Number of protein chains: 2
Amino acid sequence: MPSKHRSDALAAIHETAADLHRVGGMDQKTMRKFDALCLTPIQEMTPKKIRALRTREKASQTVFAAYLNVTPSLVSKWERGEKHPQGASLKLLSLVDKKGLEVVA
Amino acid sequence: MPSKHRSDALAAIHETAADLHRVGGMDQKTMRKFDALCLTPIQEMTPKKIRALRTREKASQTVFAAYLNVTPSLVSKWERGEKHPQGASLKLLSLVDKKGLEVVA
DNA sequence: CAGTCTATGGCACTAAGTGCTACACTTTAG
DNA sequence: CTAAAGTGTAGCACTTAGTGCCATAGACTG
């Protein structure tokens, strides 16, 4: 489902990538567009993966939820597959997956 | 609205804080609960603040959205006050606010 | 002028996320 | 032995954040 913004983001990136390459030397600030190329792709988050992630971080659902600024109830639903993290939630989860709970402290 | 999980998280933290203090020496892993005490409180995100944040990072709505894994449409709505970031989105925003766009790359 | 990037705006729709409550299980304390 | 607290599951009613699509308009550039 996250197909539109995914593709149009990639489109924007690829389109501008050529430009940037052509320009050669460029300002760090405008280079933001290029940075998007380096965005770590977000993978699906299965219930198992979420629970594994949380237990890896040795956190209860309540504490884990506090870190992510969501309700404990939601974490439970994620882990039971009742609700599926998406958008910002998914990003946050994969961020924790990659860098650990500390980064979101 | 984020009152329940906020308070019950704080409750859990405060309750256990005493325990932890009493115990004295403790294992890094179980100390997770204590970590929650150090969670940076998330502030309200007004439309102005969001836009200021994005422009500070020199990103277009599209690129900004890509970083947060949301749609450009939503970023626009945030900045116009049509929709209000919450939960994970809010956390992500205040994370960018504090540490910059790079950390979510 | 054509093309691209930018942002706004609206509208229909889905499901993520909240809030609350009750239940069962385990561990710890008294 | 028992009370208390922390843990996770479960369900239900409800709200609104977030998606998707598309049409519009301004700015900038070759």
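Just so we're clear, the structure is a prediction, and the values are computed from it rather than from any experiment.
Annotation: side chain to side chain contact (heavy atoms under 4.5 Å, CB included) contacts of T46(A) (sequence neighbours excluded): K48(A), K49(A). Not counting sequence neighbours, S73(B) has no partner by the side-chain hydrogen bond (donor to acceptor under 3.5 Å, both in side chains) test. Considering only residues two or more places apart in sequence or on other chains, K83(B) meets the side chain to side chain contact (heavy atoms under 4.5 Å, CB included) condition with L74(B), K77(B), W78(B).
In this structure, V104(B) and L95(B) approach most closely via the heavy-atom pair CG1-CD2, 4.4 Å. The nearest pair of heavy atoms linking V70(B) to A88(A) is CG1-N, 3.9 Å.
For Q61(A), no side-chain nitrogen or oxygen approaches OP1 or OP2 of dG6(D) to under 4.0 Å. Contact annotation: R51(A) does not reach the phosphate of dT7(D) (side-chain N/O to OP1 or OP2, under 4.0 Å). OP1 and OP2 of dC5(C) both lie 4.0 Å or more from every side-chain N or O belonging to S60(B). Checking the phosphate oxygens (OP1, OP2) of dG8(D), a side-chain nitrogen or oxygen of R54(A) falls inside 4.0 Å. Between S73(B) and dT19(D) there is no side-chain polar atom (N or O) within less than 4.0 angstrom of OP1 or OP2. Within the 4.0 Å cut-off from OP1 or OP2 of dG8(D), not a single side-chain nitrogen or oxygen of R80(A) is found.
Residue pairs meeting the salt bridge (Lys or Arg N to Asp or Glu O under 4.0 Å) criterion with at least one member in residues 89-100 of chain B, sequence neighbours excluded, are R56(B)-D97(B).
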Close N or O pairs between protein and nucleotides 13-17 of chain C (under 3.5 Å):
unit_1	atom_1	unit_2	atom_2	d
dA16(C)	O5'	H84(A)	O	3.3
dG17(C)	OP1	S89(A)	OG	2.3
dG17(C)	OP2	W78(A)	NE1	3.1
dG17(C)	N7	K83(A)	NZ	2.6
dG17(C)	O6	K83(A)	NZ	3.3

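Atom CG in L93(B) sits roughly 9 Å away from atom P in dG18(D) (whole-Å rounding). Nucleotide dG18(D) holds its P atom 13 Å from the CZ atom of F64(B), rounded to whole Å. Following rounding to the nearest Å, K91(B) (NZ) and dT18(C) (C1') show an atom-to-atom distance of 18 Å.
Under 3.5 Å, the side chains of S76(A) and R80(A) contain a donor-acceptor pair of N or O atoms.
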| message | For Watson-Crick and G-U wobble pairs within 3.5 Å on both distances, what is DNA chain C written in dot-bracket notation, | included for inter-strand pairing? | response | |||||.|||||||||||||||||.|||.||
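Within the 4.5 Å cutoff, the side chain of L68(A) has heavy atoms near those of the L93(A) side chain.
Panel note: side chain S60(B), backbone V63(B); a donor-acceptor pair is recorded below 3.5 Å.
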